[in-house]
Each structure stands twice: as structure tokens, then as C-alpha cells.
Amino acid sequence: WDLCMGAALLRLGDRASAREHLEAAATRAPSEVALLALAQLALEEERGFEVRALLDDADRLESLGPAARAEAQRILG
């Protein structure tokens, strides 16, 4: 629920509410999708330090599937 709501709110431009839902989703059931959604939100908010904290970790990147790893690399630039 929180992941879907966060994604929908992000598309609508309500970043604050999207962050609440995405953080709740990542806390309750950590997943690649929640991680990437939070990183994308941080990127849109120009919070590079947060993007790096979420994605710039070799072990974390290694644990991602191929598609999620490619998306993480895209977000990292």
C-alpha cells in the first residue's frame, strides 16, 4: 500500500507525502523498488548526499538484481 501510494504521490508532485509513504514501505518491507523510489525522490529533491547514502555501497549494489542495479547506476549518474 505505502509503496503504491508513494509512487502515485510522487507522480502527482506531492514529494513530502510521497516520502512518508516510501519511507514507511522501506521500513516495513525493504525491497529494491522501495530503495530505488527513495533514491529517485532524493535525486528530484536535489539531495545528492542522500542518493549516495542509499545507493553508493558496493555490497548493496551487489545484492540488487540486474535491472535494479542498472537503475541504481542510472540514478547515480
Side-chain angles (χ1 to χ4, degrees):
W1 163 254
D2 281 310
L3 188 57
C4 290
M5 281 301 296
L9 290 165
L10 184 56
R11 287 187 180 149
L12 292 172
D14 186 351
R15 292 181 178 149
S17 295
R19 176 170 290 283
E20 289 178 28
H21 284 282
L22 293 174
E23 287 176 347
T27 300
R28 288 190 191 112
S31 70
E32 293 177 346
V33 176
L35 174 69
L36 293 172
L38 280 171
Q40 182 63 44
L41 176 58
L43 182 66
E44 290 180 17
E45 294 175 330
E46 298 181 4
R47 300 171 82 170
F49 64 93
E50 186 176 341
V51 174
R52 294 256 180 230
L54 289 166
L55 299 178
D56 199 14
D57 178 301
D59 291 334
R60 180 172 283 162
L61 287 176
E62 185 72 22
S63 72
L64 299 176
R69 193 175 312 121
E71 181 63 9
Q73 292 294 345
R74 184 197 67 76
I75 292 170
L76 284 168

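Every heavy atom of this structure was used, including side-chain atoms; hydrogens, water molecules and symmetry mates were not.
The shortest non-hydrogen separation linking Leu64 to Ala72 is CD1-CB, 4.1 Å. Closest approach of Glu32 to Ala68, counting heavy atoms only: OE1-CB, 3.4 Å. Across all their heavy atoms, Ala18 and Gly6 have their closest contact at CB-O, 3.4 Å.
One finds the CG atom of Leu22 at 12.5 Å from the CZ atom of Arg15 (value rounded to the nearest 0.5 Å). The CE atom of Met5 lies 8.5 Å from the CG atom of Asp2; values are rounded to the nearest 0.5 Å. In this structure, OG on Ser17 lies 10.0 Å from CG on Leu12, to the nearest 0.5 angstrom.
Between the side chain of Ser63 and the backbone N or O of Arg60, at least one donor-acceptor pair lies under 3.5 Å. Panel note: side chain Arg69, backbone Leu61; a donor-acceptor pair is recorded below 3.5 Å.
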Please lay out, stage by stage, how Asp57 and Glu62 fare under the test side chain to side chain contact (heavy atoms under 4.5 Å, CB included).
CA-CA 9 Å; Asp57 178 301; Glu62 185 72 22; over 6 Å; no
Check against side chain to side chain contact (heavy atoms under 4.5 Å, CB included), Gln40 and Ile75
CA-CA 7 Å; Gln40 182 63 44; Ile75 292 170; 3.7 Å; yes
Steps toward side chain to side chain contact (heavy atoms under 4.5 Å, CB included) verdict (Arg52, Leu76):
CA-CA 7 Å; Arg52 294 256 180 230; Leu76 284 168; 3.8 Å; yes
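Under the 4.5 Å side-chain heavy-atom criterion for grouping Ile, Leu, Val, Met, Phe, Trp and Tyr, Leu9 is not connected to Leu41 through any hydrophobic cluster.
Using a 4.5 Å heavy-atom threshold, the side chains of Leu36 and Leu54 count as separate.
In summary, Glu50 and Arg19 engage in a salt bridge, as defined by a charged side-chain N under 4.0 Å from a carboxylate O.
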